[in-house]
Amino acid sequence: MSSRYNHKKVERLWQQKWEKEKIFQTATDKNKKKYYVLEMFPYPSGKIHMGHVRNYALGDVVARYKKMCGFNVMHPMGWDAFGLPAENAAIVAKKSPSEWTYQNINLMRSQLKSIGLSIDWTREIATCHPDYYKHEQSFFLDLLKKELAYKKESFVNWDPVDQTVLANEQVIDGKGWRSGAEIEQKKLSQWFLKTSAYSEELLNCLDQLDDWPSKVKIMQSNWIGKSFGVEINFKISNPQNLNSNSLNVFTTRPDTIFGASFCAISTDHPISKDIIRRDEVAKKFVKECSSLSPEKEKKGFKTRLFVEHPFIEKKLLPVFLANFVLMEYGSGAIFGCPAHDQRDLEFAIKYKLEIIPVILPEGKSKDKYKITNEAYVGEGNLINSSFLDGEKIEDAKKIVIKKLVEKKIGNKKINYRLRDWGLSRQRFWGCPIPVMYREDGEIIPVPKRDLPVKLPNVKELSGSGNVLEKIDEWRNVSCPKTGMKAKRETDTFDTFFESSWYYLRYCNPRDLNAFVKEDINYWLPVDQYIGGVEHAILHLLYSRFFVKALRDTGYIELDEPFKGLFTQGMVTHQTFQNHKNEWIGPDEIIYNKESITDNQGNKVKVGKIEKMSKSKKNIVDPSDIIEKYGADTARWFILSDSPPERDLEWTESGVTGSYRFINRVWNLLQLCLSDDYIENNKTDNQLLRGKTNDTIKNVTNNINAFHYNKSIANLYELINFLQKTISNKSSSKNCLKESLKNIALLLQPFTPHLSEEIWKSLGLDGLAINQLWPKAPTIQTKKICKIAIQIDGKTREIIEFDVGISKEEVKIKALNSKKIKKMIDKKLIKKIIFVPEKIINIVLK
RNA sequence: GGCCUCGUGGUGGAAUGGUAGACACAAAGGACUUAAAAUCCUUGCCCAAUUGGGAGUGCCGGUUCGAGUCCGGCCGAGGCUACCA
């Protein structure tokens, strides 16, 4: 009777139709309300993985739904195309990184298209294209002028075998991931962006981001790490041969100053450098500390220096070099109060330093109070602290600060953990940094008229070092002002630089200028941004910084790039190991009745459910799924079970379940359209209508709340109801069609191809995607409600009533029920609580 | 160590303080079929075995007519971050 649903044919057809009719191409239209949907753009690593499918399916629901709600929707796509994997692959495959990248882009584009996404492909960008990166070279020059970009010395992970710099994640147990060589900390002069100049604004603006997960906001806020404290200048009592005669220390606990028993400075501190110049033992100690081995032990080196206690006359504190003091935070020096800081306590015990308790916890007696091996960090009152005795911590802080200021040896200070963004990468496949070094040592920015500084064409990459350093014809230039000899910067930008502004470029991807104000002002901010939590800090923080920096250099008028953010969970899969303990993939597994084996019949060990990864081989290729079951099935499954923010376990049975659903809907449609359908004489159209309207309401609410799994549950309910209605023939044909029409519309964001197919089969005009989102009529369609009769909060019976029934009527009926009567027996009724249309609770004495 | 999130059937998961387990997956039984696939129906903790009754949302306690939901304490899992003074 029914021809089988041919997903391949159907999906191809509608994808072509959408493309031909340019359904998803958008332009600035000030008469229409805009909505900008964006998923984090992919790195063109080879082919699409399930994580991409989930990310883009989620975004596609938003995009299609908003379009149907009448918004002018922009939903673009591009490629985060610079990066290390291209270089590595190029070395292996003996290709150029560019060739490898563009090949991947072409494959992945066609894969994305097969998912049926509502993308405006005319806006596509690839960040490795000079027309893209020339603009960021220009931004950089402006940031340089504004002193938001600067150069300083900084450490990098250096692989001495591959002659290359490694990212932190490429250093495994202190060794290079490819060469296995012991990694060194090498100091290089590198470019930085002054993100720290925006610490306060980046922190404050988090409050405005109402549509961000609070988790991400907390992570960013912790990362920025604002703390209120004091800088204290300790006078060095014996500063012989030193460049300075005081030691500047940052603390958030000035109240514990009377408990101070030592000072410690970072091994990178200027005073430390002064010392090691003359002291071989100190030098040896510093060298030990800089080795990468992950030592948790606190180590110090006692210098001959002493500082004077600011409030206790003649009290001198020894100064240590210490491996646990960071140069990057505060002033790179601390005073240690062992009694109330665990780190200081461990250090004090090791080097036999004084431990003076100065905070007394409530209820403890001063005489018996002793600190042994656990520092006390809680509330309390000051003791052993001269003019602070008896004060509470917060009051003591105020008093100390006042005294320090009076004595001109200290000041309030706000500190941020956020550090400046190190931009330089000693890599080939990135955007060249547009500066040159003149032979007289001057750093010369490349004039804007000479942009872009293009990467040279290379046929293949060698295994070590940065190729740019070896290409003399590219590297050797002359100064545009003086004509003197100069050499180009061979470092390239961190690829986070490209991803910090791509969402702006989508507005005018082909314009000769970086931005067209009118379009930026119309489209930005991004209304809904969707991606993985792994970018919660770096990418999102850099992007926020970038927008502010571009605003302050006059490019745009925007404070925050992303109005709404949604972070989706990972796609996971069961892992398997064969009898040799090798990981094997799901496609090599055979499920038998009693056991699971590999395709040679050997028993398989079933492992944990983990994120899909090549190393564990627990990967399912989206292309295979789409080929076998269709894009709608893949989308439906990926959206159906788990809430989008949680991890999703990919299961074969779940996919076949979704496939069954698609076919079931199709079969119902055929049944309903067939001439065999004749309604019986007891039809009640109101029931199906009511259910349909409820579904419209629920699906809509759940889409708005990002609860797609619940929207899908609502649709299942309606389909189940429709199926019963059809088999009972209890509704008119027109009413069935009416319901199916709504189903087509409600399915559009989830299974767009099936949606169009239903729409067409019902003989309706146009495309489903071009219709308005359905609205449930406000009239009451439900007539009956079920009210639970409870005794002492326990449900004893459920009785049906008309909607709007009064407490009195329910009470009479409830008390007359045989069962309830029996349960009440001779007990007295204390009170009766009534919740309209839900519950009546009879409370007994 | 710090911060955050989460503990509900065999599984994924539903439940504005108001009928716990919607919806789906898996399983078992059945119908159709020579058979299989596909499809459809039923079942789903314990005791009574038809009607009922009881336990029950990690553990202990509290607030409430009523707690998976709110409060306090404990246990467990996961994530992020980490010598940040």
Between [X] ([atom1]) and [N] ([atom2]), how many Å, whole number?
| X | N | atom1 | atom2 | value |
| --- | --- | --- | --- | --- |
| A:Trp223 | B:C4 | CH2 | P | 18 Å |
| A:His707 | B:C23 | NE2 | C1' | 15 Å |
| A:Ile638 | B:A24 | CD1 | C1' | 16 Å |
| A:Ile789 | B:G66 | CD1 | P | 18 Å |
| A:Arg253 | B:C83 | CZ | P | 20 Å |
| A:Phe721 | B:A22 | CZ | C1' | 15 Å |
| A:Ile609 | B:A77 | CD1 | P | 17 Å |
| A:Leu321 | B:A85 | CG | P | 21 Å |

Would you confirm whether the ring centroid of A:Phe566 sits within less than 6.0 angstrom of the ring centroid of A:Phe706? yes

Please determine if a side-chain N or O atom of [X] lies less than 4.0 Å away from the OP1 or OP2 oxygen of [N].
| X | N | result |
| --- | --- | --- |
| A:Tyr329 | B:A85 | yes |
| A:Arg796 | B:G52 | no |
| A:Arg646 | B:G13 | yes |
| A:Lys794 | B:A55 | yes |
| A:Asn701 | B:U16 | no |
| A:Lys215 | B:U5 | no |
| A:Lys710 | B:G12 | no |
| A:Gln790 | B:G18 | no |
| A:Asn709 | B:A14 | yes |
| A:Arg660 | B:A26 | yes |

Which of the following nucleotides, [options], is nearest to the side chain of [X]?
| X | options | value |
| --- | --- | --- |
| A:Ser653 | B:U81, B:A85, B:C25 | B:C25 |
| A:Arg664 | B:G12, B:C23, B:C40 | B:C40 |
| A:Arg343 | B:C65, B:C3, B:C83 | B:C83 |
| A:Ser642 | B:G12, B:U19, B:C65 | B:G12 |
| A:Lys786 | B:C23, B:G53, B:U19 | B:U19 |
| A:Ile798 | B:C65, B:U19, B:C83 | B:U19 |
| A:Lys838 | B:U16, B:C84, B:G13 | B:U16 |
| A:Val325 | B:G12, B:A85, B:U19 | B:A85 |
| A:Thr252 | B:U19, B:G18, B:A85 | B:A85 |
| A:Lys819 | B:C80, B:C23, B:G53 | B:G53 |

What nucleic acid atoms does [X] come within less than 4.0 Å of, heavy atoms only: base, sugar-phosphate, or nothing?
| X | answer |
| --- | --- |
| A:Asp641 | base |
| A:Asn663 | nothing |
| A:Gly225 | nothing |
| A:Glu649 | nothing |
| A:Leu326 | base |

Can you see which heavy atom on A:Glu231 is nearest to which on A:Ser331, and at what distance? OE2-CB, 4.4 Å

So which atom in A:Ile409 and which in A:Pro310 form the shortest heavy-atom distance, rounded to 0.1 Å? CD1-CB, 3.5 Å

A:Glu328 vs A:Asn222, nearer the 5' end of RNA chain B by closest nucleotide: A:Asn222

Find which nucleotide of RNA chain B each of A:Glu645 and A:Asn841 is nearest to by heavy atoms, and output the residue with the more 5' nucleotide. A:Glu645

Chi-based syn or anti call at B:G79, which uses purine or pyrimidine torsion atoms and a 90° bound: anti

Verdict with supporting geometry, A:Arg646 and A:Gln568, side-chain hydrogen bond (donor to acceptor under 3.5 Å, both in side chains): CA-CA 7 Å; A:Arg646 272 197 233 172; A:Gln568 101 256 11; over 6 Å; no

Applying a 3.5 Å limit to both distances, which nucleotide forms a Watson-Crick or G-U wobble pair with [N]?
| N | result |
| --- | --- |
| B:U69 | none |
| B:C80 | B:G2 |
| B:G7 | B:C75 |

Heavy-atom count check: over 12 atoms from other residues, nucleotides or ligands less than 6.0 Å from [X] [atom1]?
| X | atom1 | result |
| --- | --- | --- |
| A:Lys811 | NZ | no |
| A:Glu200 | CD | yes |
| A:Lys838 | NZ | no |

Is the terminal nitrogen or CZ of A:Lys299 (NZ for Lys, CZ for Arg) located under 6.0 angstrom from the six-membered ring centre of A:Phe285 and within 45° of that ring's axis? no

